[in-house]
Amino acid sequence: MKAVVLLSALLSLPALAGEPTLYGRYEYLQVAELGKTLKAKMDTGAYTASLSARDIQRFKRAGEEWVRFRLAADGADDSLYEHRLARISKIKNRADEGADEPAAAEVSKRPVIDLQLCLGDELRTVEVNLTDRSSFNYPLLIGAKALREFNAAIDPAKRFTAGKPACRG
């Protein structure tokens with residue numbers, strides 16, 4: 001009898017994980033530490049999440065690595081944010097697709113911080129690299145690693161399916 005109960009419990013494990021939640025290609029996410037709700041592009045082709053930032057400076061506080069920055073997005077004020085540095089990521093920049101000869105991929109080093117992001121009513125802590133995305137339409141890019149944190153699947157034909165973020169602190 002114990003074996004039957006154990007077997008049935010093991011067989012039900014995938015059901016406990018649940019099906020992924022379906023989101024659109026673009027969604028609203030709240031960045032709790034910044035007190036901002038931003039439009040984000042949900043990008044399964046990117047691995048990490050990126051936040052549009054400017055005036056990025058690394059510094060030390062009490063022996064720890066920190067970073068300060070300003071948000072680089074439409075409607076952002078001049079607030080200066082400071083956050084403990086999680087790590088430095090190496091990002092391969094895409095080679096110019098229009099070039100006749102293949103170019104070597106350039107690697108940039110970006111500061112990474114842990115931020116609490118709210119998508120719909122789901123709150124998760126996600127690693128986010130800081131880079132100037134002001135030339136892009138969306139100041140926040142959510143890559144595959146963060147999408148897994150939210151147990152998300154993306155329907156590229158849909159937009160803003162989760163509505164405005166509604167997480168409770």
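From a predicted model like this one, the values you see are computed outputs, not experimental measurements.
Atom CZ of Arg84 has 12 or fewer neighbouring heavy atoms from other residues, nucleotides or ligands inside a 6.0 Å radius. Summarising the local packing, CG of Asp77 is surrounded by more than 12 heavy atoms from other residues, nucleotides or ligands at distances under 6.0 Å. Few gaps surround NZ on Lys36; more than 12 heavy atoms of other groups in view lie less than 6.0 Å from it.
Remark: the backbone N or O of Glu33 is not paired with any side-chain donor or acceptor of Gln116 at under 3.5 angstrom. A side-chain donor-acceptor contact under 3.5 Å links Glu27 to the backbone of Ala162. At distances below 3.5 Å, not a single donor-acceptor pair connects side-chain atoms of Arg54 with backbone N or O atoms of Asp132. Between the side chain of Arg70 and the main chain of Asp78, a donor-acceptor pair closer than 3.5 Å is present.
Here the CD atom belonging to Glu149 is positioned 11.5 Å from the CD atom belonging to Glu122, to the nearest 0.5 angstrom. Here Glu82 contributes atom CD and Gln57 contributes atom CD; the two are 9.5 Å apart, rounded to the nearest 0.5 Å. Distance OG1/Thr21 to CZ/Phe150: 10.5 Å, rounded to 0.5 Å. One distance of note links CG of Leu85 with CZ of Arg58; it measures 6.0 Å at 0.5 Å rounding. With rounding to the nearest 0.5 angstrom, the CG atom of Asp114 is 7.0 Å from the OG1 atom of Thr125. Expressed to the nearest 0.5 Å, how far NZ of Lys41 lies from OG of Ser50 amounts to 11.5 Å.
The shortest side-chain heavy-atom distance between Asn137 and Lys39 does not fall under the 4.5 Å cut-off. Using a 4.5 Å heavy-atom cutoff, the side chains of Leu51 and Phe69 are in contact. The shortest side-chain heavy-atom distance between Lys109 and Lys90 falls under the 4.5 Å cut-off. In this structure the side chain of Arg124 never reaches within 4.5 angstrom of the side chain of Leu117, judged on heavy atoms.
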Residue pair His83, Leu115: steps toward the side-chain contact (heavy atoms from CB on, under 4.5 Å) verdict: CA-CA 9 Å; His83 209 285; Leu115 286 178; 3.8 Å; yes
Pair Lys60-Glu65, salt bridge (Lys or Arg N to Asp or Glu O under 4.0 Å): steps then yes or no: CA-CA 5 Å; Lys60 286 196 182 249; Glu65 292 283 331; 3.2 Å; yes
Candidate pair Thr161 and Leu22, rule side-chain contact (heavy atoms from CB on, under 4.5 Å), full reasoning: CA-CA 8 Å; Thr161 61; Leu22 192 61; over 6 Å; no
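In the model, Thr48 has a side-chain atom that pairs as donor or acceptor with a side-chain atom of Asn129 under 3.5 Å.
When all heavy atoms are compared, the tightest approach of Glu127 to Ala49 is O-CB, 3.6 Å. Nearest heavy atoms, Ala166 versus Cys118: N-SG, 3.8 Å. Residues Ala73 and Pro139 share a closest heavy-atom pair of CB-CB, 3.6 Å. The shortest non-hydrogen separation linking Ile142 to Ala146 is CG2-CB, 3.6 Å.
Residues Ile56 and Ile113 fall within the same hydrophobic cluster, defined by Ile, Leu, Val, Met, Phe, Trp and Tyr side chains chained together at heavy-atom separations under 4.5 Å. Tyr23 and Tyr26 fall into different hydrophobic clusters, where Ile, Leu, Val, Met, Phe, Trp and Tyr side chains are chained together by heavy-atom contacts under 4.5 Å. Using a 4.5 Å cut-off between side-chain heavy atoms of Ile, Leu, Val, Met, Phe, Trp and Tyr, with links allowed through other members, Leu147 and Leu119 fall into the same hydrophobic cluster. Hydrophobic clustering of Ile, Leu, Val, Met, Phe, Trp and Tyr side chains at less than 4.5 Å, counting indirect connections, unites Val31 with Val126. Leu140 and Val112 end up in different hydrophobic clusters when Ile, Leu, Val, Met, Phe, Trp and Tyr side chains are linked at under 4.5 Å.
Ring orientation note: the planes of Trp66 and Phe59 are tilted relative to one another, at an angle of 30° to 60°.
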